[in-house]
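Take a look at the structure below.
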Amino acid sequence: MTMASTDGPRWLSDEEQCVWRAYLHATTLLEDHLDRQLQRDAGMPHIYYGLLVQLSQAPRRRLRMTELAKGAKITRSRLSHAVARLEKSGWVLREDCPSDKRGQFAYLTDEGFEVLKRTAPGHVAAVRQAMFDRLSPQQVEQLGEIMKVMAEGLQPSGPNADLPWLR
């Protein structure tokens, strides 16, 4: 990782600026595309779908709220609001943690699991149409490698890491 020099910031080159803007444009359009598809098909935003997926893959379809926030990379406050909305729909329930009176679990209900099963085919079709059908196998491999390098470099670590799920 290269640091800014003491002479001032290292501005993006014209090529880097074009790549950065294309990345922002594409990711904004992709998130909007997926949000619209999920709102239309299931009445939920993309972030809620991601929470349901995490719960569906957890043992007994249950996760501590802190782990769910960590996986979604969101604050505990935002997670609490999202889970309240999912509870109102009957898709998720909260349970107190028997070993820690302050902790809670989120549990994916049978109804929530059925919604996820009904919604998943349309969602994967939207992802495939928006992303993978437009890329060659080599581009998919390159994109995967690029995203892995970026994520590794951005993953907070250490005792002073500013982690959203701790806020």
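The stretch residues 51-65 participates, sequence neighbours left out, in these salt bridge (charged side-chain N to carboxylate O under 4.0 Å, His left out) pairs: R61-D110, R62-E95, R64-D100. Within the structure, salt bridge (charged side-chain N to carboxylate O under 4.0 Å, His left out) contacts touching residues 114-126 (residues at least two apart or in different chains) are E114-K117. Among residue pairs with one or both ends in residues 143-154, none qualify as salt bridge (charged side-chain N to carboxylate O under 4.0 Å, His left out); sequence neighbours excluded. Residue pairs meeting the ring-ring contact (aromatic ring centres under 6.0 Å, His included) criterion with at least one member in residues 85-116: none, sequence neighbours excluded.
Rounding to the nearest 0.5 Å gives a distance of 11.0 Å between CG of L135 and CZ of R128. To the nearest 0.5 Å, atoms NZ (K70) and OG1 (T66) are separated by 10.0 Å. If you take CD1 on I47 and CG on L38, they are separated by 11.5 Å, rounding to the nearest 0.5 Å. Distance check: R85 CZ to K88 NZ gives 7.0 Å after rounding to the nearest 0.5 Å. Interatomic distance, Q57 CD to L116 CG, rounded to the nearest 0.5 Å: 8.5 Å. Atoms CG and NZ, on L79 and K73 in that order, are 13.0 Å from each other to the nearest 0.5 Å.
Under the 4.5 Å side-chain criterion, counting only non-hydrogen atoms from C-beta, Q104 is not in contact with V83.
Across T109 and G90, no two heavy atoms sit closer than the pair OG1-O, 2.7 Å. Between V124 and P121, the closest heavy-atom pair is CG1-O, 3.3 Å. Closest approach of V92 to A106, counting heavy atoms only: CG1-CB, 4.1 Å.
Remark: Y23 pairs with W20 by the ring pair (Phe, Tyr, Trp, His ring centres under 6.0 Å) rule, at least two apart or across chains. Checked against side-chain contact (heavy atoms from CB on, under 4.5 Å), Q54 has the following partners two or more places apart in sequence or in another chain: L51, L63, L68, A72. Contacts of R94 classified as salt bridge (Lys or Arg N to Asp or Glu O under 4.0 Å), with partners at least two apart in sequence or in another chain: E87. Every side-chain contact (heavy atoms from CB on, under 4.5 Å) that D35 has, sequence neighbours left out, goes to E31, P45, H46. S13 is linked by a side-chain contact (heavy atoms from CB on, under 4.5 Å) to E15, E16, counting only residues two or more places apart in sequence or in another chain. By the salt bridge (Lys or Arg N to Asp or Glu O under 4.0 Å) test, R21 is found to be paired with no residue, residues two or more places apart in sequence or in another chain being considered. Listed by chain and number, the residues in a ring pair (Phe, Tyr, Trp, His ring centres under 6.0 Å) with Y49 are H123 (sequence neighbours excluded). By the side-chain contact (heavy atoms from CB on, under 4.5 Å) test, A126 pairs with H33, L34, Q37, sequence neighbours left out.
In the hydrophobic cluster analysis, where Ile, Leu, Val, Met, Phe, Trp and Tyr join through side-chain heavy atoms closer than 4.5 angstrom, L24 is grouped apart from W11. V19 and L29 are assigned to two separate hydrophobic clusters, defined by single-linkage of ILVMFWY side chains at heavy-atom distances under 4.5 Å. Under the 4.5 Å side-chain heavy-atom criterion for ILVMFWY residues, no single connected hydrophobic cluster contains both V149 and L154. Criterion: ILVMFWY side-chain heavy atoms under 4.5 Å apart, direct or through other members. Under it, L143 and F132 are part of a common hydrophobic cluster. Tracing side-chain contacts under 4.5 Å through hydrophobic residues (I, L, V, M, F, W, Y), one never reaches L55 starting from L93; they form parts of separate clusters.
No more than 12 heavy-atom neighbours from other residues, nucleotides or ligands sit within 6.0 angstrom of CG on D14.
Using modelled atom types, one side-chain atom of S56 and one backbone atom of V53 make a donor-acceptor pair closer than 3.5 Å.
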